[in-house]
Amino acid sequence: MSFAELWASLLPIGRDPGTGGYRRYSWTPADLAARDWFRAAAGQRGLRTETDRNGNLWAWWDVAGMPATGQPAAIVTGSHLDSVPDGGAYDGPLGVISAFAALDDLRERGFTPARPVAVAAFTEEEGARFGVACLGSRLMTGAVAPAAARELRDGTGVSLAAAMAGAGCDPVGLGPDDKRLAAMAAYVELHIEQGSALAGLGAPVGIAEGIWPHGRWRLEFAGRADHAGTTRIPDRRDPMLPYAATVLAARQAAVDHGALATFGKVTAEPGGANGISSSVTAWLDARAPGQAALDQVTGQVTAAAEAAALAHGVGFSLRRESLTPAVSFDPALQARLGAVLAGQLPGPRRVPVLPTGAGHDAGVLAARLPTAMLFVRNPSGVSHSPAEYAEPADCAAGVTALAAVLAGLAGS
Ligand SMILES: [Zn+2]
């Protein structure tokens with residue numbers, strides 16, 4: 001099956017007909033359909049599939065003539081199949097589909113690996129359902145405690161443990177998977193670029209340099225529910241006001257420190273159009289080129305929120321939900337990718353090397369093994385939106401690049 005066929009078969013799964021965006025949240029029917037798709041694609045290729053203790057999917061191209069238990073450490077490639085609310089078609093799936101297509105490419109050329117090659121799809125990379133990004137890879141490396149993970153709740157109060165069990169996946173085994181990590185020699189993730197740097201450089205593919213430190217914070221403003229038509233201004237304790245001030249302060253803090261700060265999710269309780277809210281809960285996503293700048297941004301936002309809450313007689317609390325330190329991808333692996341790809345693709349002879357503000361499973365796994373990323377050009381730079389797009393020719397260049405990298409790493 002070619003890239004185009006793989007693409008067409010995954011495309012309808014989890015797409016909302018109204019928005020055209022994807023709603024593939026982990027352990028929902030859309031996610032289970034995407035998992036079935038993964039197993040079918042692997043099965044068509046005769047790859048050995050498994051679901052690990054954290055719900056991540058694996059498809060193995062083992063070295064022929066060796067028992068499954070005695071294989072050398074593997075070269076793993078892949079990405080994720082879950083999405084943000086109304087996400088695009090490329091973020092995640094491009095890496096998984098390109099992985100299968102690269103394997104097809106290698107086999108057609110008669111390549112026989114000296115070490116296993118595996119395709120992986122990590123669970124809940126976006127954190128869209130349970131609030132912790134890269135949950136599957138973080139559980140695997142021990143960066144998230146399994147007991148805390150089991151108790152994570154989605155927006156309707158369903159726990160991760162219940163969601164997994166409901167999908168027929170036992171949550172009892174959640175947790176560090178050192179044996180599996182030891183069986184990995186390297187992880188290379190291909191991903192659509194979530195910016196437009198490659199477009200500016202005239203290059204279809206880039207190599208990731210590192211990931212900015214980034215995190216997610218939950219802010220709660222507790223006021224008092226009251227009547228919108230009868231409560232005098234001085235008597236109000238309206239949590240919406242300090243929230244609004246905090247949004248503006250976050251924007252200013254980002255500008256001040258060359259960083260990014262976003263409120264993309266907010267809930268107001270009880271949510272009546274003719275009432276003052278009792279509480280406003282909002283999530284701050286902040287990213288910066290370095291940890292010091294990130295600390296300055298969050299410090300500035302927190303101070304602004306506290307001051308505004310105090311001025312409006314509103315309670316304020318803040319909880320960090322996740323923090324991912326800066327990641328530098330393995331320099332030796334990065335250099336090796338650069339050498340393998342030099343002169344192999346359209347555009348500049350040397351493949352550009354880029355930083356990114358977006359988190360990825362490759363960034364989490366970088367703490368435990370050499371990891372690298374390839375980015376495929378995104379002409380508009382738009383991501384996490386139905387408008388996300390990459391040209392077919394650039395996707396093909398991505399597959400060519402990934403196949404060359406896998407051949408270089410898994411060859412004799
Ligand atoms: Zn992604």
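Here the structure is a predicted model, which means the values were calculated and not measured. Order of appearance sets the numbers: ligands from 1, and atoms from 1 within every ligand.
Note: S79 OG to I97 CD1 = 10.5 Å, rounded to the nearest 0.5 Å.
Two residues are said to be in side-chain contact when any heavy atoms from C-beta on lie closer than 4.5 Å; V158 and R129 meet this criterion. At a threshold of 4.5 Å between non-hydrogen side-chain atoms, the residues T356 and M373 do not count as touching.
Note: W61 and F111 have perpendicular aromatic rings, judged against thresholds of 30 and 60 degrees for the angle between ring planes.
With no hydrogens or angles considered, no side-chain donor-acceptor pair links W60 and Q71 at under 3.5 Å.
Each of T28, D82, D16 was checked for a side-chain hydrogen bond (donor to acceptor under 3.5 Å, both in side chains) with R23, and the lone residue meeting it is D16.
Around the Zn ion (ligand 1), protein N, O or S atoms at a distance under 2.8 Å total 3; waters are neither shown nor counted.
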